[in-house]
There are 2 protein chains.
Amino acid sequence: MNIGEIARRAGVSRSTVSYALSGKRPVSDETRRKIQDVIDELGYRPNASARALANGRTSTIGLVFPPAGNHYTGMQLDFIGSVVEAAAAHDYDVLLSPSGVDSDRSFQRLLGERRVDGAILMEIRLEDDRADHLAALDFPAVAIGRTAHPESGWWVGLDHTALAAACVHHLADLGHRRVAFVNRPEQLLRAGYESAHRGLDGFTKAAAERGLTVRTYCCGDDAASGQACLEQILHDDPATTALVTLNEAALGGLYRGLSQAGRHVPRDFSVTGVVAGRWAETVTPQLTAADVPAEEMGRRAVDLLIERLDHPGAPPRHHLLAPPISLRASTGPAGGTPSA
Amino acid sequence: MNIGEIARRAGVSRSTVSYALSGKRPVSDETRRKIQDVIDELGYRPNASARALANGRTSTIGLVFPPAGNHYTGMQLDFIGSVVEAAAAHDYDVLLSPSGVDSDRSFQRLLGERRVDGAILMEIRLEDDRADHLAALDFPAVAIGRTAHPESGWWVGLDHTALAAACVHHLADLGHRRVAFVNRPEQLLRAGYESAHRGLDGFTKAAAERGLTVRTYCCGDDAASGQACLEQILHDDPATTALVTLNEAALGGLYRGLSQAGRHVPRDFSVTGVVAGRWAETVTPQLTAADVPAEEMGRRAVDLLIERLDHPGAPPRHHLLAPPISLRASTGPAGGTPSA
DNA sequence: TGAAGGAGTCGAACCGGTTCGACTCATCGC
DNA sequence: GCGATGAGTCGAACCGGTTCGACTCCTTCA
């Protein structure tokens with residue numbers, strides 16, 4: 001069941017078996033065939049730990065994902081799925097690492113104990129100690145999201161600034177003048193999550209540019225918070241006629257709040273934002289939104305990481321994506337019905 | 001940076017360092033302190049591959065999850081998150097394995113190459129070759145779901161039969177007489193997915209028991225399919241006043257279909273089913289449903305697996321869960337408005 | 001015809017840990 | 001005063017691969 005056993009049965013040395021498998025030195029056809037027969041017969045597969053120990057590569061990448069205590073959003077699910085799939089295509093496995101409460105500990109496991117060849121980071125912050133740490137170690141990593149200093153790193157990012165601005169322009173073009181912004185939870189904003197910050201930034205600037213009256217809100221990642229947030233919005237300014245949101249998980253709650261306030265979407269109230277496409281389609285009316293290309297981002301992150309692993313010392317590369325707004329059914333001209 | 005370096009700097013042998021770390025043999029306080037100082041100074045962590053090679057355990061469990069080509073449902077996301085979290089609590093990492101198109105290949109990676117100590121299987125089928133294969137190998141595995149022969153295995157399951165029946169009884173108690181069942185996609189039913197089969201079974205039997213008129217449907221895992229399915233239901237029997245579904249991802253589409261057909265939930269039409277709680281709460285009105293305790297199931301699966309790893313040869317254990325129906329807002333008495 | 005070179009193979013060292021047997025040295029009981 | 005006991009330590013073997021250097025043939029070409 002190990003390489004020695006194969007060698008014995010095939011009547012060759014262990015190194016010959018190794019070379020027959022790796023092809024790193026020539027092996028005669030006859031020998032190769034004999035070895036292959038034994039391998040097929042016994043169903044032999046080389047031990048991954050031994051191989052990793054010998055050649056220093058684990059063929060595994062780490063996926064560092066958000067604290068498990070929080071809810072996961074559908075977008076994160078899409079990232080995970082696409083990363084696993086893309087990694088498999090390159091013959092890499094994916095090790096999940098919760099960068100939760102004790103993020104140091106799991107980092108130590110991944111890097112210190114050499115469990116992975118490289119890492120993909122999710123839920124990036126503008127000032128991200130994990131990213132800094134990895135950069136300082138020159139450890140092969142790719143971020144999904146970009147820090148405040150994006151030039152020096154490897155990442156795949158979404159241009160949240162531009163996307164939020166595009167949402168504002170879309171609403172302004174439809175004649176909306178009083179618009180709310182529903183962000184991720186306050187605790188994430190305080191922690192410096194880049195999507196929350198850049199999205200807010202893009203929203204604010206574009207709104208100023210178009211002379212809109214705006215209010216901005218943080219909202220928990222669940223339906224109940226979304227509903228509460230919407231009540232607050234209408235309480236603070238009943239004349240609000242539209243909102244932009246980054247908060248996928250709150251979307252259902254926002255819709256519920258609107259429906260209970262008697263505002264029809266899109267006749268009385270327009271909703272748009274930045275959300276993964278398949279989740280935008282689950283609500284009624286379907287959400288007009290900048291669709292987060294989660295699958296593409298995961299795939300590109302893996303491709304970049306593989307490239308970095310294959311070419312150590314290569315200069316940093318990155319992709320900044322800015323998908324267009326998909327027009328669905330949740331936005332319409334302002335003033336269909338004057339607000340109560 | 002390896003154990004020999006630590007030993008050299010501390011002026012002891014490699015084995016002493018190993019014993020100081022593992023505690024498997026006594027080491028004097030003074031020696032232990034010297035070693036610890038060196039370790040702290042250098043930030044040493046033992047190499048996981050070397051350790052795995054030497055003691056035969058990787059401290060990693062494999063999570064075999066569904067084909068990536070399909071959409072993931074929120075429930076699956078919850079499983080993944082809770083499994084990772086529970087595994088971390090036991091000092092295990094989680095390796096994701098897509099059991100996709102080429103499920104043999106990734107199985108070979110996991111088991112043949114000894115990348116994991118044990119495995120957790122998701123999306124179980126009644127006749128599940130993966131489960132059979134693992135059982136034949138006596139490989140430590142725990143299924144989330146149960147096959148047609150549940151006595152012999154380790155698993156954490158949901159009593160879909162009872163849950164679907166409970167939904168039927170709930171609707172029958174409210175006076176509904178014509179009820180539809182919306183299952184997972186036909187391809188999954190054909191493949192023998194246990195939740196689809198047992199759920200259908202429980203629905204059919206309970207409906208017969210209560211003398212209901214029923215139709216059953218398969219429905220794709222997305223909103224568009226849900227909407228189409230609902231149109232079909234009302235086309236086939238416009239007098240239908242309620243439905244039971246196992247299809248979380250189609251839920252938004254079903255609601256949209258109802259709304260577009262002018263059926264108000266719950267006044268004209270009741271909806272219930274088996275869905276993870278936090279997703280039941282994102283739709284409006286919130287879904288009265290048997291809440292899938294995804295988090296608990298993931299946690300219990302990990303606990304069982306750890307137990308099995310720690311006590312090889314222990315007799316099979318399992319948990320069959322049957323959470324009660326959470327009454328929310330999507331069901332009501334039949335006949336509120338006679339159907340058009 | 002003999003040196004050069006390449007194909008094919010082997011043995012040994014190595015990767016970085018763990019663990020077993022053996023050794024030394026105190027301590028203790030009789 | 002001496003053997004038994006156990007704490008503390010070391011060296012060597014081992015886990016299962018990879019890789020380097022060296023060796024043997026067999027061709028090829030001067």
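Chain identifiers are assigned alphabetically (A, B, ...) following the order of the sequence lines, protein sequences preceding nucleic acid strands; residue numbering begins at 1 within each chain.
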Using a heavy-atom cut-off of 4.0 Å across all strands, would you classify [X] as base, sugar-phosphate, or nothing?
{"X": "B:P46", "answer": "sugar-phosphate"}
{"X": "B:S18", "answer": "base"}
{"X": "B:T31", "answer": "sugar-phosphate"}

For the pair made of [atom1] in [X] and [atom2] in [N], what is the distance, rounded to whole Å?
{"X": "A:R114", "N": "C:dG17", "atom1": "CZ", "atom2": "C1'", "answer": "13 Å"}
{"X": "A:K24", "N": "D:dG21", "atom1": "NZ", "atom2": "C1'", "answer": "17 Å"}
{"X": "A:I3", "N": "D:dC14", "atom1": "CD1", "atom2": "C1'", "answer": "16 Å"}
{"X": "B:I6", "N": "C:dT18", "atom1": "CD1", "atom2": "C1'", "answer": "16 Å"}

With no hydrogens and no angle check, is any side-chain donor or acceptor of [X] less than 3.5 Å from a backbone partner on [Y]?
{"X": "B:E194", "Y": "B:R146", "value": "yes"}
{"X": "B:D128", "Y": "B:R125", "value": "yes"}
{"X": "A:R114", "Y": "B:N47", "value": "no"}
{"X": "A:D117", "Y": "A:I61", "value": "no"}

Exercise. Please determine if a side-chain N or O atom of A:N2 lies less than 4.0 Å away from the OP1 or OP2 oxygen of D:dG16.
Key: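 For D:dG16, OP1/OP2 do have a side-chain N/O of A:N2 under 4.0 Å.
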Quiz item: Would one find a side-chain N or O of A:S28 under 4.0 angstrom from OP1 or OP2 of C:dT9?
Solution: yes
Self-check item: No-H, no-angle donor-acceptor pair, A:R25 side chain to D:dG21 base, under 3.5 Å
Solution: yes
Show each protein N/O and nucleotides 11-13 of chain D N/O combination with a separation under 3.5 Å, one pair to a line.
unit_1: D:dG11; atom_1: O6; unit_2: B:S15; atom_2: OG; d: 3.1

Quiz prompt | Overall bend - the helix from C:dT1-D:dA30 to C:dC30-D:dG1, comparing terminal axes fitted on five pairs, nearest 10 degrees | solution = 50°
